[in-house]
Amino acid sequence: MDERTYSLDDVSVVMGAYNEAEAIGPVLDDIEATTDGRAEVVVVDSSDDGTADIARERGARVVDQPPSGYGAAVRRALYEATNPVRITTDCDGTYPMERIPEFLALINDGYDVVSGDRLYHGAETMPAMNRLGNRVFAATASLLGGRTLHDVTTGMRAYHADVIESIRWTENTGLSAELLIRPAMRGYSVRQEPIEYDERLGETKLDPFSGGAEIGKSILKCCLEERVRSLR
Ligand SMILES: Nc1nc2c(ncn2[C@@H]2O[C@H](COP(=O)(O)OP(=O)(O)OP(=O)(O)O)[C@@H](O)[C@H]2O)c(=O)[nH]1
Ligand SMILES: [Mg+2]
């Protein structure tokens, strides 16, 4: 990757939003405060509860998309973003937006991916079943991926845009796992950074059973594909 030092003007913060009227205001206000309003904000929206209006009022770029799942929204948001540092978040109030400048500093230190690790601090606010599921996902991805991965489904990461643009992304609910596993297995430098994780505002959009099964399948598929790729 290039040696350029990036500022907050070079950051795009991106998210999918599906009926997050309760949460999106505070999330966008936190981003505004922590970046001095300098970051581009892209929201891919599938809501019918006024979420898009709240986002536009706060200066975000809103892209409309029919409800098509987490990954379809986040992938589109990552591609719509125009800046060289791309930071993902959920727009549900769970992720610490005040850590954005630190994530940017780690990209400037030379990391290609900075992944917010919710499990390091115990993730006590995460529902117990999700916590258990995430530990199983991390152990599976570490075993099959050949390096220790701590929190493969976190929604908060920073990426150098080259990583986003040089890999073909295929997963939907499992996109977050794919966004960590493929770069890690291709030798990009990945930093796993402990973060706090808060309770969600509003309703969850993920069914823990069908969603969990889909994520498990994505982990197996991505690890296997990357192994085969490394042998070619
Ligand atoms: N545009 C769009 N956004 C979506 C869709 N599904 C989920 N999202 C958004 O993707 C993010 C992740 O969804 P969450 O419901 O927070 O899933 P989760 O983080 O696994 O579950 P929680 O523990 O409840 O937070 C949120 O910002 C959702 O609004 C969709 O079909 N379209
Ligand atoms: Mg969430």
Side-chain angles (χ1 to χ4, degrees), residues 12-31 41-56 58 60-81 86-97 99-100 115-119 121-138 141 151-157 169 171-180 195-219:
S12 298
V13 184
V14 313
M15 65 201 81
Y18 189 16
N19 292 341
E20 302 286 8
E22 199 178 329
I24 195 162
V27 171
L28 297 185
D29 289 347
D30 286 353
I31 295 168
V41 178
V42 179
V43 178
V44 171
D45 181 70
S46 312
S47 312
D48 55 15
D49 69 345
T51 297
D53 296 335
I54 302 170
R56 282 197 194 93
R58 285 172 164 78
R61 185 147 67 83
V62 178
V63 178
D64 295 316
Q65 188 182 65
S68 327
Y70 167 81
V74 171
R75 182 170 55 236
R76 174 91 186 269
L78 281 165
Y79 287 148
E80 291 279 346
R86 313 236 168 121
I87 298 184
T88 57
T89 181
D90 287 0
C91 77
D92 58 5
T94 49
Y95 290 99
M97 295 297 93
R99 301 289 303 278
I100 286 174
S115 183
D117 173 5
R118 299 165 297 177
L119 301 177
H121 290 307
E124 270 137 32
T125 51
M126 192 185 286
M129 205 172 60
N130 293 17
R131 199 161 54 232
L132 176 68
N134 277 313
R135 292 203 187 284
V136 173
F137 291 147
D151 181 4
V152 293
T153 69
T154 180
M156 185 176 178
R157 294 204 191 100
W169 308 104
E171 302 309 288
N172 192 354
T173 306
L175 179 71
S176 171
E178 178 179 34
L179 281 162
L180 184 66
I195 57 167
E196 302 294 342
Y197 187 65
D198 225 332
E199 256 168 71
R200 199 191 199 298
L201 298 169
E203 294 294 302
T204 186
K205 309 301 174 303
L206 184 88
D207 176 76
F209 295 104
S210 61
E214 221 190 298
I215 292 167
K217 261 194 277 177
S218 293
I219 292 171

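When a ligand or atom number is given, it counts from 1 through the structure's own listing order.
Defined by atom type and a distance below 3.5 Å, a donor-acceptor pair is missing between the side-chain atoms of T51 and D45. A donor and an acceptor atom, one from each side chain of S12 and R86, are nowhere located under 3.5 Å apart.
From the protein, the heavy atom lying nearest to atom 25 (O) of ligand 1 is D92 OD2, 2.9 Å. Counting only heavy atoms of the protein, atom 7 (C) of ligand 1 lies nearest to K205 CB, 3.8 Å. Looking at atom 24 (O) of ligand 1, its nearest protein heavy atom turns out to be T204 OG1, 2.6 Å. Nearest protein heavy-atom neighbour of atom 17 (O) of ligand 1: L206 CB, 3.9 Å. Protein heavy atom closest to atom 27 (O) of ligand 1, with residue, atom name and distance, is G16 O, 2.8 Å. Here the protein heavy atom with the shortest distance to atom 1 (N) of ligand 1 is S46 OG, 2.7 Å. Scanning the protein heavy atoms around atom 14 (P) of ligand 1, the nearest turns out to be R200 NH2, 3.6 Å. In terms of protein heavy-atom proximity, atom 31 (O) of ligand 1 is nearest to G69 N, 2.8 Å.
In D92, the N, O or S atom that comes nearest to the Mg ion (ligand 2) is OD2. Closest N/O/S atom of D90 to the Mg ion (ligand 2): OD2.
Taking 4.5 Å as the limit, every side-chain heavy atom of Y197 sits out of range of all side-chain heavy atoms of T154. A heavy-atom distance below 4.5 Å is not found between the side chains of R58 and I24. Taking the side chain as every heavy atom from C-beta outward, R118 and I195 approach each other to under 4.5 Å. Two residues are said to be in side-chain contact when any heavy atoms from C-beta on lie closer than 4.5 Å; Y70 and L206 fail this criterion. The shortest distance between side-chain heavy atoms of E214 and N172 falls below 4.5 Å. Counting heavy atoms from C-beta on, the side chains of N19 and E203 never come closer than 4.5 Å. Side-chain atoms of R131 and N134, non-hydrogen and from C-beta on, never get closer than 4.5 Å to each other. Within the 4.5 Å cutoff, no side-chain heavy atoms of V44 are placed close to those of R75.
Residue contacts with ligand 1: Y197 is included, with a non-hydrogen atom under 4.0 Å away. By the 4.0 Å heavy-atom criterion, Q65 is excluded from the residues contacting ligand 1. The closest approach between E20 and ligand 1 falls below 4.0 Å for a heavy atom of the residue. Distances from ligand 1 to the non-hydrogen atoms of G155 include no value under 4.0 Å.
Using a 4.0 Å cut-off to heavy atoms of S68, the atoms of ligand 1 that qualify are 31 (O). Contact atoms of ligand 1 toward A73: 1 (N), 2 (C), 3 (N), 32 (N) (distance under 4.0 Å to a heavy atom of the residue). Counting the atoms of ligand 1 from 1 in the order shown, those under 4.0 Å from a heavy atom of A17 are 1 (N), 2 (C), 3 (N), 29 (O). Numbered from 1 in the order shown, with element, the atoms of ligand 1 that lie under 4.0 Å from a heavy atom of V44 read 1 (N).
Checked by distance only, ligand 1 and D45 stay at 3.5 Å or farther apart across all their nitrogen or oxygen atoms.
Between R200 and E20 a salt bridge is recorded (basic side-chain N to carboxylate O distance below 4.0 Å). Between R99 and D117 there is no salt bridge, since no side-chain N of the basic residue sits under 4.0 Å from a carboxylate O of the acidic one.
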